[in-house]
Amino acid sequence: MSAKWLFPSAWLLLTMPFGLTAAEAPSQSPNVIIILADDLGYGDLACYGHPKFKTPNLDRMAAEGARLTHFNAPAPFCAPTRASLMTGRYPFRCGMTANPTPDATPQNNELGLPTSEITLAELFRRGGYATGMVGKWHLGHAKPEFFPTRRGFDEFFGILYSNDMRPVQLLDGEKVVEYPVVQATVTKRYTERALSFIERNKAKPFFLYFAHAMPHKPLAASEKYYKQSDGGLYGDVIAELDASVGQVLAKVKELGLDEKTFIVFTSDNGPWYGGSSGGLRGMKATSWEGGYRVPFIARWPGKIPAGHISAQPAVMMDLFTTALKIAGIALPSDRVMDGADIFPLLTSDAKSPHEVIFGHQGARLATVRDARWKLHVLAANDRREATRPGDRWVDPRAPDGVTLLAPYEQSRPSDYPGLRTGDAPEPMALFDLSTDPGEQHNVADANPDVIKRLQAQYDEVTKQMPAVIEGTPQQGKKRKQ
């Protein structure tokens with residue numbers, strides 16, 4: 001196996017300094033802010049081509065920094081991607097291939113990021129950074145050992161899972177401070193807490209993980225933004241999300257931290273109904289590009305050139321490695337790390353550090369892609385309710401005015417966000433993303449050599465996968481390295 005893509009960041013282990021203690025952390029260490037939207041589609045921002053949604057602050061962030069056009073989530077839904085961001089490892093390696101869910105099965109309720117995993121926050125804390133988290137965690141809620149405050153964050157203000165999973169409770173630290181949650185105020189209050197964290201830690205290096213609830217359903221916007229856009233409730237939510245990013249950028253500039261702060265904005269997976277996959281096929285929870293590909297914008301004045309764009313493939317775990325490299329903090333050396341340093345992609349015409357990128361579907365790997373080709377080893381899937389005739393679907397997690405407080409006018413399956421045309425899904429379907437980004441034409445028969453190469457790389461990695469039952473990671477146990 002090529003060490004280049006299996007161990008893309010191994011060379012960092014030899015070149016980066018060991019983690020620093022708080023006393024040793026240099027005052028010039030850069031701050032790191034990661035802003036993660038929830039279910040934001042590849043085409044949901046104006047700078048990614050949306051014709052109606054207005055996102056002036058994110059557009060300006062992209063104009064002043066760098067934008068990636070082939071940035072992927074390793075899974076098309078929430079928790080596995082967030083686990084990969086926090087650990088730098090594919091979901092199958094870090095033991096998080098399903099969503100912890102308080103209102104489903106007992107098995108799903110008990111899921112959590114294994115305690116053997118080392119989180120990004122733990123590494124930043126060891127490096128002398130103040131660490132704060134605002135927003136959605138979704139890496140375990142049933143036991144206190146899974147909470148953000150037990151996984152490296154000095155403070156936490158947010159919801160431990162998705163904002164449509166009952167009971168929707170707002171926590172400050174480990175204490176419930178609101179139930180039921182008035183969701184129209186969530187973006188505003190999250191932003192206020194994020195700004196407070198930045199202000200309180202302006203004199204020392206800090207890591208802020210700002211994981212918005214929106215635009216995950218149920219959509220909700222504050223009175224200032226509700227029914228003010230030309231894009232319906234989804235457009236209102238995007239406008240407030242954009243304004244939140246603008247406030248963060250303004251605060252950093254106001255405190256004189258502009259050139260000391262690396263800021264990234266991205267999303268955990270593709271969009272739900274009402275959003276936009278930006279001309280890609282599929283949506284959240286599908287293994288089409290619309291499920292995996294998401295916006296990625298990075299800004300760091302003086303370090304990242306303005307207006308830079310890269311079409312090289314990258315994946316969520318790369319943000320883990322890149323952030324640590326920027327901070328001068330060593331990666332864990334006792335396990336396989338899948339993330340690579342993609343800072344060169346943000347500053348130059350460098351090639352992707354990955355030969356291939358894999359896409360999960362549950363506990364299995366469903367896809368493998370390189371800079372041009374994408375192979376669906378497993379037949380691509382779609383949302384079941386979206387394939388039914390009519391629009392009679394009833395969301396079991398819809399707002400009810402009692403336990404889940406949000407507007408009733410939520411998006412429907414008829415508001416499908418991506419392409420639904422193209423050749424029928426089948427195992428071993430191959431698409432040329434350079435000429436067919438919407439995955440319309442299966443060209444497997446004409447490219448047997450490409451299939452053979454991608455299949456070999458897929459097979460080699462699947463040999464490393466632990467024997468897991470679909471959606472049931474072995475929590476707290478030592479993972480196969």
Side-chain angles (χ1 to χ4, degrees), residues 5-9 34 36 38-39 71-101 107-108 110-120 136-141 146 151 161-162 209 211 266-270 284-289 291-294 313-321 331-332 335-340 354 356-369 376-378 381 457-458 460-481:
W5 64 265
L6 176 58
F7 304 103
S9 52
I34 296 175
L36 186 70
D38 195 354
D39 291 1
F71 187 75
N72 280 40
F77 53 98
C78 306
T81 294
R82 293 163 190 271
S84 289
L85 170 59
M86 283 292 107
T87 66
R89 288 148 61 83
Y90 273 108
F92 78 83
R93 274 198 228 282
C94 67
M96 205 70 185
T97 60
N99 283 340
T101 310
Q107 182 182 51
N108 285 97
E110 293 295 320
L111 294 181
L113 184 69
T115 54
S116 57
E117 292 296 315
I118 303 172
T119 71
L120 187 58
K136 175 179 175 178
W137 175 236
H138 216 180
L139 297 181
H141 59 270
F146 293 146
R151 304 310 297 266
Y161 33 77
S162 295
Y209 177 34
T266 187
S267 176
D268 62 345
N269 48 250
K284 172 185 178 175
T286 76
S287 50
W288 299 110
E289 279 299 280
Y292 295 122
R293 200 184 305 183
V294 293
V315 67
M316 189 64 70
M317 297 84 74
D318 297 337
L319 190 46
F320 175 98
T321 300
L331 276 71
R335 60 198 66 204
V336 173
M337 304 302 299
D338 296 302
H354 302 281
V356 293
I357 288 172
F358 301 96
H360 265 267
Q361 190 57 261
R364 304 176 67 187
L365 294 181
T367 67
V368 53
R369 64 156 294 185
H376 289 261
V377 179
L378 308 182
N381 64 316
Q457 292 172 308
Y458 175 93
E460 202 160 2
V461 165
T462 56
K463 292 176 185 176
Q464 306 165 37
M465 297 182 70
V468 294
I469 301 172
E470 183 78 11
T472 58
Q474 302 300 302
Q475 306 166 57
K477 297 182 180 180
K478 187 175 178 62
R479 306 295 302 170
K480 180 177 179 180
Q481 304 301 318

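Checking each of Asp268, Asp39, Asn269 against Lys284 for a side chain to side chain donor-acceptor pair (under 3.5 Å) leaves exactly one that passes, namely Asp39.
With hydrogens and angles disregarded, a donor-acceptor distance shorter than 3.5 Å links the side chain of Arg89 to the backbone of Val336. No donor-acceptor distance shorter than 3.5 angstrom exists from the side chain of Ser116 to the backbone of Pro114, with no hydrogens or angles considered. Side-chain atoms of Asp338 come within 3.5 Å of backbone N or O of Tyr90 as a donor-acceptor pair. Of the possible polar contacts, one joining the Arg151 side chain to the Leu113 backbone as a donor-acceptor pair under 3.5 Å is found. Counting only distance, with no hydrogens or angles, the side chain of Thr367 and the backbone of His376 share no donor-acceptor pair below 3.5 Å.
Shown here for Ala285 and Asn381, the closest heavy-atom pair between the two residues is O-ND2, 2.9 Å. The shortest heavy-atom contact between Leu36 and Tyr209 is CD2-OH, 3.4 Å. Shortest non-hydrogen contact noted between Phe92 and His360 is N-NE2, 3.2 Å. Counting all heavy atoms, side chain and backbone alike, Phe71 lies closest to Met316 at CZ-CA, 3.6 Å. Scanning all heavy atoms of the two residues, the minimum distance from Lys136 to Ser162 falls at NZ-OG, 2.8 Å. Between Pro80 and Ala98, the shortest heavy-atom distance links the atoms CG-N, 3.9 Å.
In this structure Phe77 satisfies the ring pair (Phe, Tyr, Trp, His ring centres under 6.0 Å) test with no other residue, sequence neighbours excluded. Partners of Ala73 by side chain to side chain contact (heavy atoms under 4.5 Å, CB included), not counting sequence neighbours, listed by chain and number: Thr81.
In this pair, Phe358 and Tyr458 present their aromatic rings tilted. The plane angle is within the 30 to 60° band.
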Exercise. Quick one: do Ile118 and Arg335 satisfy side chain to side chain contact (heavy atoms under 4.5 Å, CB included)? Show the steps, please.
Key: CA-CA 10 Å; Ile118 303 172; Arg335 60 198 66 204; 3.7 Å; yes
**Prompt:** Do Glu117 and Met96 pass the side chain to side chain contact (heavy atoms under 4.5 Å, CB included) test, and can you show the C-alpha distance, the side-chain angles, and the key distance before you say yes or no?
**Reply:** CA-CA 10 Å; Glu117 292 296 315; Met96 205 70 185; over 6 Å; no
Intermediate values then yes/no, side-chain hydrogen bond (donor to acceptor under 3.5 Å, both in side chains), Asp318 and His354: CA-CA 10 Å; Asp318 297 337; His354 302 281; 2.8 Å; yes
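Within the model, atoms OH of Tyr292 and CG of Asn72 stand 9.0 Å from one another, a figure rounded to the nearest 0.5 Å. Between the CE atom of Met317 and the CE atom of Met86 there is a distance of 13.5 Å, given to the nearest 0.5 Å.
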